> 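Can you keep this structure in mind? I'll have questions shortly.
Remember, it's a predicted structure, so these values are computed and weren't measured experimentally.
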Amino acid sequence: MNPAHPTAWLVLTLTAGAISVIFPHGATAFPNARGPYFTTIEGPDTVTAGEVSEFTCTAECSPECTYTWSVDGHTNTSPTITLRTRGLTSTVEMECTSLNPASGKTSSMKKSLRVENPVSVRPAAGEEPSLNQSFHLTCVGFAQMSTIEWYKDSDILVMDAQTTLSADNTTLSFSSLLPSHSGLYRCVPSKGDTVIVSVGYLLTCGPYFTKIEGPDTVTAGEASEFTCTAECSPECTYTWSVDGQTNTSPTIIVTPSGLTSTVEMKCTSLNPASGKTSSMKKSPRVENPVSVRPAAGEEPSLNQSFHLTCVGFAQMSTIKWYKDSDILVMDAQTTLSADNTTLSFSSLLPSHSGLYRCVPSKGDTRIVSVGYLLTYGPLSVTISGPDTVEVGTEYTFVCESNCEIPCDIYWTFRQGFPSGRYIQRRTVINWTPDTPNRDQLFACVVENTYASAMATKLVRVVEKPEEKVKPESGCMALQPTTTLGLMLCMALLFLWGW
C-alpha cells in the first residue's frame, strides 16, 4: 500500500438506519417541518493513529434529518461513523451536514482532529548525518505489528549498495551516506487492516565546510572569479554579499574599482530541505595601480604653486578628478592639463585642502585612484606654563598650535579637573590651585578635517613657603628695656642682615 495516495490511508465505517413515514389519507406531507438547528459533532478532539474512534452527528430537526459526512475528501451518509487514521497527517478535517428532507434546509458543523502518532523514525543516539559516513535510522513506537515496510519521499524504499535492513526490518543502515540518500524516511508497520505511517525523518547533510575559492589579492579594474562550495545534501543554494551588494550563484565575478583597500565578501550556503545555513567571509586585498602624486620635490604651502599628477593608468580614454568624494569644482587658482592628467594650483588657499583622486575609465572599466591628502604640514601643539605651582597663586597656561587651516582646539582633563579657581578662554587657562601635594595633568587637543595632535603637561602643586620673621618683630618680642636687652636686639639685627 503506497502512502503517496491519501485514499489508501483512511478507513471509514458508516452505520446507517432506515426512516419510514406514513401520512394520513389526504394530509399534506410535513406541514410543520422545522430545523435543522444546532448541528453538533460528538466525539474526541484527539485520535491515535491505528486506533478506532467513533463520531456522531446530531441536530434538532422535524421530520428527522439525514446526515452526510465529509472526512478528508471522503463522503458517507450516516448519523454515526467510525474513524481509524493511519498517521500520514497530523490532523483530520471532518464536516457533517444535516438535511431536513421536507424543507430541504441544511446545517453544517466542522471539526478538526489532532492525530497522535506513536510510531516514528529516529537516528541512532548521538549520530548526525554526514556525507561519506555511516548512519542508522530506527523505527520505534510500534507494538504487535507483523510487518514493517520503509518509504522514502512517499515511495517504497529502493535499496542500494550502501543501505541494509536489520532482520526484523526495524533498523535501516547506511554504510556511507551519499547525496542521493537525502529525503524523508518513514516506516510503515502493519497487522491485518491496521496500518500506521510513522512520523518521518528528513535526512539531510550539511551544509558543512562552506568555503570561498578565489585569490587573496585582486587588482583594481581587473575581473576576478570567486566560487562558494559546501558539503551539502541535497545540493545547497548560495547567496553572496559583496560590499553590500547581493547575488545568488555559486560563482561570481568581482571587478574592484579601487575605492577601498579590501573587498568584503560573504557567502552563505543554504540546505533547501532542512533550512540550515553556513557562512564564510573573505577580504581580498585590492592592489591599485593608479594614484595621485605631487610633482617631484614639491611640498604644499599656502600661497605657493603646487601640482598633482594622475599616474599608473593605461589604455584609459577619460580621466575625471574628485575632491572629498565629489566631482572637483575648478576655481581661479586651479587648471587641468590638456589630457587631464595633471592638476595645477597657481596659489594654494586654505579651501584647497582635501583628499584628491583621479578616476580614469574606459567603457565599463573604471578605477578610483589611491588618493592624495592635501594639507599644509603636520599639526603640532604645545602647552606653555610652569611645571611647579604654589597654592594660592594664579598661573597662566596657553595651548599653542600651528594650524594653517581651521582647527578645533579644546582642553581635556583625563585624570581629574583642576582644584581651585579656574578660568578658561579657549586656548588660555588661568588657574589658582588650592590643594597642595598633588599632580595636575593638562592636555590640549588640536584637530582639523585631516589630522589631530595632542600635547600634555604635568604640573606639581606645592605649599607656599612661610615668610621670614622680621628682626623688629623679634626685638619687640624681647622688649629691650635694659642695656643687655638692647645688645641682644642688635645681635639679632646683625644675624638677619638688617
Side-chain angles (χ1 to χ4, degrees), residues 206-232 235-272 276-296 307-328 336-337 339-343 354-375 449-451:
Y208 305 121
F209 313 116
T210 299
K211 62 181 179 179
I212 297 174
E213 298 174 350
D216 296 326
T217 301
V218 294
T219 302
E222 296 183 7
S224 298
E225 183 177 276
F226 295 87
T227 300
C228 191
T229 61
E231 287 192 12
C232 198
E235 185 66 26
C236 271
T237 60
Y238 301 93
T239 301
W240 288 90
S241 174
V242 182
D243 282 341
Q245 305 295 317
T246 58
N247 202 306
T248 54
S249 174
T251 300
I252 60 170
I253 304 296
V254 174
T255 306
S257 68
L259 185 60
T260 58
S261 59
T262 59
V263 177
E264 300 301 325
M265 55 176 56
K266 176 183 177 182
C267 175
T268 300
S269 55
L270 167 67
N271 188 316
K276 293 181 179 179
T277 62
S278 174
S279 297
M280 179 68 178
K281 293 182 179 180
K282 189 179 180 73
S283 301
R285 185 171 59 88
V286 179
E287 290 184 345
N288 197 335
V290 183
S291 61
V292 171
R293 300 178 186 175
H307 304 81
L308 292 175
T309 302
C310 183
V311 298
F313 63 91
Q315 299 177 340
M316 297 291 186
S317 57
T318 61
I319 298 176
K320 292 183 178 180
W321 284 80
Y322 287 78
K323 177 189 174 188
D324 297 331
S325 300
D326 295 317
I327 194 75
L328 176 63
L336 280 170
S337 60
D339 59 0
N340 277 20
T341 59
T342 301
L343 174 64
L355 181 65
Y356 287 82
R357 296 179 186 265
C358 63
V359 182
S361 61
K362 184 177 182 181
D364 293 334
T365 303
R366 178 175 178 267
I367 302 177
V368 181
S369 75
V370 177
Y372 178 84
L373 182 61
L374 176 55
T375 60
T449 308
Y450 313 105

> Who passes salt bridge (Lys or Arg N to Asp or Glu O under 4.0 Å) against Lys211, sequence neighbours left out?
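Salt bridge (Lys or Arg N to Asp or Glu O under 4.0 Å) list for Lys211, sorted by chain: Glu213.
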> Does a donor on one side chain sit under 3.5 Å from an acceptor on the other, for Thr251 and Thr227?
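Result is yes, a qualifying pair exists.
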> Quick one: does Ser337's side chain have a donor or acceptor within less than 3.5 Å of a partner on Thr342's backbone?
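Between the backbone of Thr342 and the side chain of Ser337 there is a qualifying donor-acceptor contact (under 3.5 Å).
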> Thr210 and Cys267: which non-hydrogen atoms are nearest, and at how many Å?
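Between these two residues, the closest heavy atoms are CG2-O, 4.1 Å.
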> For Ser283, give me all partners under side-chain hydrogen bond (donor to acceptor under 3.5 Å, both in side chains), at least two apart in sequence or on another chain.
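With neighbours one apart ignored, the set is Glu264.
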> Do the side-chain N and O atoms of Asp339 and Thr341 include a donor-acceptor pair separated by under 3.5 angstrom?
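Indeed, the side chains of Asp339 and Thr341 share at least one donor-acceptor pair under 3.5 Å.
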> Just jot down the side-chain hydrogen bond (donor to acceptor under 3.5 Å, both in side chains) partners of Ser241, sequence neighbours excluded, or say none.
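Residues passing side-chain hydrogen bond (donor to acceptor under 3.5 Å, both in side chains) with Ser241: none at all.
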> Identify, with sequence neighbours excluded, every residue that meets side chain to side chain contact (heavy atoms under 4.5 Å, CB included) alongside Pro250.
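For Pro250, the residues satisfying side chain to side chain contact (heavy atoms under 4.5 Å, CB included) (neighbours in sequence not counted) are Tyr238.
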> Quick one: closest heavy-atom pair of Pro272 and Glu235, and the distance?
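Minimum heavy-atom separation between Pro272 and Glu235: CD-O, 3.4 Å.
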> Checking Leu336 now: which residues fulfil side chain to side chain contact (heavy atoms under 4.5 Å, CB included) with it, not counting sequence neighbours?
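Applying side chain to side chain contact (heavy atoms under 4.5 Å, CB included) to Leu336 gives Trp321, Met330, Asn340, Leu343.
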> For Thr277, check side chain to side chain contact (heavy atoms under 4.5 Å, CB included) against everything at least two apart and list the hits.
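Listed in chain order: Thr268, Leu270.
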> Excluding sequence neighbours, so at least two apart, what forms salt bridge (Lys or Arg N to Asp or Glu O under 4.0 Å) with Glu225?
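Residues passing salt bridge (Lys or Arg N to Asp or Glu O under 4.0 Å) with Glu225: none at all.
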> Any non-hydrogen side-chain atom of Lys266 less than 4.5 Å from a side-chain atom of Thr239?
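A side-chain contact under 4.5 Å is absent here.
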> Measure across Tyr208 and Gly206 and return the closest heavy-atom pair with its distance rounded to 0.1 Å.
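Nearest pair, atom of Tyr208 first, then Gly206: CE1-N, 3.2 Å.
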> Using salt bridge (Lys or Arg N to Asp or Glu O under 4.0 Å) as the criterion, list what pairs up with Arg293, not counting sequence neighbours.
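Expected list: none.
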> So, using salt bridge (Lys or Arg N to Asp or Glu O under 4.0 Å) as the criterion, who are the partners of Lys323 when residues are at least two apart?
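None.
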> Quick one: closest heavy-atom pair of Cys310 and Val290, and the distance?
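Heavy atoms only, the tightest pair is SG-CG1, 3.9 Å.
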> With a 4.5 Å heavy-atom cut-off, do Pro284 and Met265 have their side chains touching?
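With C-beta onward as the side chain, the pair touches.
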> What is the minimum heavy-atom distance between Lys276 and Pro207, and which atoms define it?
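Nearest heavy atoms, Lys276 then Pro207: O-CD, 3.5 Å.
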> Drop me the distance from Thr217's OG1 to Arg285's CZ, to the nearest 0.5 angstrom.
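Here the interatomic distance stands at 4.0 Å.
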> Only counting residues at least two apart or in another chain, list the ones meeting ring pair (Phe, Tyr, Trp, His ring centres under 6.0 Å) with Tyr356.
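With neighbours one apart ignored, the set is Phe345.
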> Identify every side-chain donor-acceptor pair in residues 359-369 under 3.5 Å, counting partners at least two apart or on other chains, and give the distances.
{"residue": "Ser361", "atom": "OG", "partner": "Thr318", "partner atom": "OG1", "Å": "2.9"}
{"residue": "Ser369", "atom": "OG", "partner": "Cys358", "partner atom": "N", "Å": "3.0"}
{"residue": "Ser369", "atom": "OG", "partner": "Cys358", "partner atom": "O", "Å": "3.1"}

> So, does Asp324 use its side chain to make a donor-acceptor pair with the main chain of Leu355 at under 3.5 Å?
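The answer is yes, because a donor-acceptor pair under 3.5 Å joins these two groups.
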> Which heavy atom in Ile212 sits nearest to a heavy atom in Lys281, and how many Å separate them?
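Nearest pair, atom of Ile212 first, then Lys281: CD1-C, 4.2 Å.
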> Using the test side-chain hydrogen bond (donor to acceptor under 3.5 Å, both in side chains), find all partners of Asp326 that sit at least two apart in sequence or belong to another chain.
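Counting only residues at least two positions away or on another chain, Asp326 forms no side-chain hydrogen bond (donor to acceptor under 3.5 Å, both in side chains).
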